Amino acid sequence: MISIYKYGEVPNSEVFKRENIASNVEGDVEKIIADVVANGDKALFAYCEKFDKVQLSSLEVTEEEIAEAFSSVEEKFIAIIEEAAENIRNFHKRQVVNSFFINEKNGVITGQRVSPIEKVGLYVPGGTAAYPSTVLMDSIPAKIAGCHEIVMVTPPMKNGKVNPVILAAAKIAGVDRIFKVGGAQAVAALAYGTESVPKVDKIVGPGNAYVAEAKKQVFGKVAIDMIAGPSEILVVADSTSSPKNVAADMLSQAEHDRMASAVLVTDSFEFAGKVSQELERQIPLLPRAEIARASIDNNGKIIVAENDLLLAIDIANEIAPEHLELCVDNPFDYLDKVHHAGSIFMGKYCPEALGDYFAGPNHTLPTSGTARFSSPLSVDDFVKKSQIIYYTKDALDKVADKVAYFASKEGLDAHAKSATVRGEKE
């Protein structure tokens, strides 16, 4: 059963359990990466046989396989994926940042050029845990940014094929190439390249502890989006909310895995008790009841900030959750008071699942309190910026002595000389 605390009985910093779940796999991941670097495709085939229990004749998914998968997915689901994809495109198109130039002084031009990252690798969990939503959320912003090539890796099923809904989503999103490989070995292949898998410049996408640790180890060789921890939801709800709805929203994250955290912060002890009862009623009804039970019992919490909804929001700010629901009337009255959250769900009719699948904003979010300084995945993650500086001879002559003087104060005489040498006679 979920634990109920009065505010102050548990430190806010300990509300979500945020252990380093990848720390015990560091050595194994290091060996896998070294093997892929040394042996390329041969290592990938071997790991596929070892971990996925399937022997492959080739790693890359063919156009015929994609077409076959697309036709096998029910038309209703295809239509929903396409509508979700359009919502995601419409949202992320507004994130595009353009290049700019400043020409306010005679002979001086400065600016910033925004250009796409050329090759992006997308990791998508596969097999029995198929997440087509991840395909959409991670590839559509890259497409909008103008990335030249999007390479997807995902583990195969026991029949040697990729889950059809994954391939259908990839086709709708415009993924360029797809490979049947998962785990730390897939991350290594994207980072270093093999005979089949191209080396990319950035890797994005969620995965298990091995995938997270692999992304951590290859960072620097390539860029990564983030090191994601277990899923989190924090619901701020007042006593007028529906206990049934709040419990359902908490369980939407608890069913992810045993390490997931679902927390309610409310202004009423009576409401807290009702939500606890609802959780007990709803958990046995879930197909993933065992996972949800472990998550709620071990990581779930209800915190009561009695008669003080503003204190509840202060608690949320200190915790900085991945998902924050403001399950209250007039939620926009409180929005300016929310400072740290990955994604904010406003009002009593906005379950977190809307953000996971359909609304348009990205569901790849900062976890483990990193919402204090990090942002959701966006078009910005798939571009890079170069600064531009241009001076004419006359413009340089006017400031060369100032630049040289500044350089001399740092003891860098060659810097100073480079600014004045162009004004000297040959």
Side-chain angles (χ1 to χ4, degrees), residues 79-102 111-122 124 131-150 152 169-176 201-206 223-226 228 320-326 330-347 349-367 370-388:
I80 292 172
I81 293 174
E82 288 176 337
E83 187 176 353
E86 189 59 27
N87 291 341
I88 295 166
R89 288 190 193 98
N90 286 337
F91 179 85
H92 288 80
K93 281 191 295 188
R94 288 162 174 78
Q95 296 176 335
V96 173
V97 177
N98 295 317
S99 302
F100 66 83
F101 292 92
I102 302 171
Q112 178 174 275
R113 186 182 65 181
V114 180
S115 55
I117 293 174
E118 288 192 1
K119 289 188 177 183
V120 174
L122 167 59
V124 178
Y131 298 118
S133 57
T134 294
V135 180
L136 302 181
M137 294 290 181
D138 290 0
S139 58
I140 289 175
K143 276 289 180 184
I144 292 171
C147 296
H148 299 175
E149 188 172 46
I150 300 174
M152 190 176 91
K171 179 177 175 64
I172 290 168
V175 173
D176 297 298
D201 302 305
K202 185 167 187 174
I203 301 172
V204 303
I224 61 172
D225 51 351
M226 61 185 75
E322 177 188 15
H323 306 97
L324 172 63
E325 285 191 9
L326 294 182
N330 305 314
F332 286 93
D333 292 347
Y334 301 95
L335 182 57
D336 286 347
K337 296 176 176 60
V338 176
H339 306 304
H340 309 298
S343 197
I344 307 167
F345 300 82
M346 306 286 287
Y349 300 96
C350 192
E352 184 274 335
L354 274 173
D356 273 349
Y357 302 113
F358 199 75
N362 211 284
H363 79 192
T364 302
L365 304 169
T367 62
T370 59
R372 297 188 67 86
F373 51 81
S374 298
S375 305
L377 193 75
S378 72
V379 173
D380 288 343
D381 287 286
F382 298 101
V383 300
K384 51 191 176 67
K385 300 167 184 176
S386 300
Q387 298 176 155
I388 298 166

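From a predicted model like this one, the values you see are computed outputs, not experimental measurements.
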Participant: With a sphere of 6.0 Å drawn around CG of Asn90, does it hold more than 12 non-hydrogen atoms of other residues, nucleotides or ligands?
Facilitator: yes

Participant: If you take all heavy atoms of Ala84 and Tyr357, which pair is closest and at what distance?
Facilitator: CB-O, 3.3 Å

Participant: With a cut-off of 6.0 Å (strictly less than), are more than 12 heavy atoms of other residues, nucleotides or ligands near NZ of Lys202?
Facilitator: yes

Participant: Can you name the one residue among Thr134, Val175, Val120, Asp138 that meets side-chain contact (heavy atoms from CB on, under 4.5 Å) with Met152?
Facilitator: Val175

Participant: Can you measure from NZ (Lys93) to CD1 (Ile140) and round to the nearest 0.5 angstrom?
Facilitator: 11.0 Å

Participant: What is the distance from atom CG of Leu324 to atom CD1 of Ile344, rounded to the nearest 0.5 Å?
Facilitator: 6.0 Å

Participant: Taking all heavy atoms of Ala145 and all of Pro116, pick out the closest pair and write down the distance.
Facilitator: O-CB, 3.3 Å

Participant: CD1 of Ile388 to CD1 of Ile102: how many Å apart, nearest 0.5 Å?
Facilitator: 11.0 Å

Participant: Phe382 and Leu377: side-chain contact (heavy atoms from CB on, under 4.5 Å), yes or no, with the steps?
Facilitator: CA-CA 9 Å; Phe382 298 101; Leu377 193 75; 4.1 Å; yes

Participant: Report yes or no: does Ser343 contribute a side-chain atom to a donor-acceptor pair with the main-chain N or O of His323 at less than 3.5 Å?
Facilitator: no

Participant: Compare every heavy atom of Met137 with every heavy atom of Asp356, then report the nearest pair and how far apart it is.
Facilitator: O-CE, 3.7 Å

Participant: Any idea which heavy atoms bring Gln95 and Ser378 closest together, and the distance?
Facilitator: OE1-CB, 3.2 Å

Participant: Using atom types as modelled and distance alone, determine if a side-chain donor or acceptor of Lys143 lies under 3.5 Å from a backbone N or O of Ile150.
Facilitator: no

Participant: Quick one: does Thr364's side chain get under 4.5 Å of Asp225's, heavy atoms only?
Facilitator: yes

Participant: Supply the atom-to-atom distance Phe101 CZ to Gln112 CD, rounded to the nearest 0.5 angstrom.
Facilitator: 10.0 Å

Participant: Is the number of heavy atoms from other residues, nucleotides or ligands within 6.0 Å of CZ (Phe91) greater than 12?
Facilitator: yes

Participant: Side chains of Val383 and Val97: closer than 4.5 Å at any heavy-atom pair?
Facilitator: no

Participant: Which atom pair, heavy atoms only, marks the closest approach of Leu136 to Pro141?
Facilitator: O-CD, 3.9 Å

Participant: Which pair of non-hydrogen atoms, one from His363 and one from Ser133, has the smallest distance, and what is that distance?
Facilitator: CE1-OG, 3.2 Å

Participant: Could you measure the distance from the CD atom of Glu325 to the CG atom of Leu354? Nearest 0.5 Å is fine.
Facilitator: 9.5 Å

Participant: What distance do Asp176 atom CG and His148 atom NE2 have between them, rounded to the nearest 0.5 Å?
Facilitator: 11.0 Å

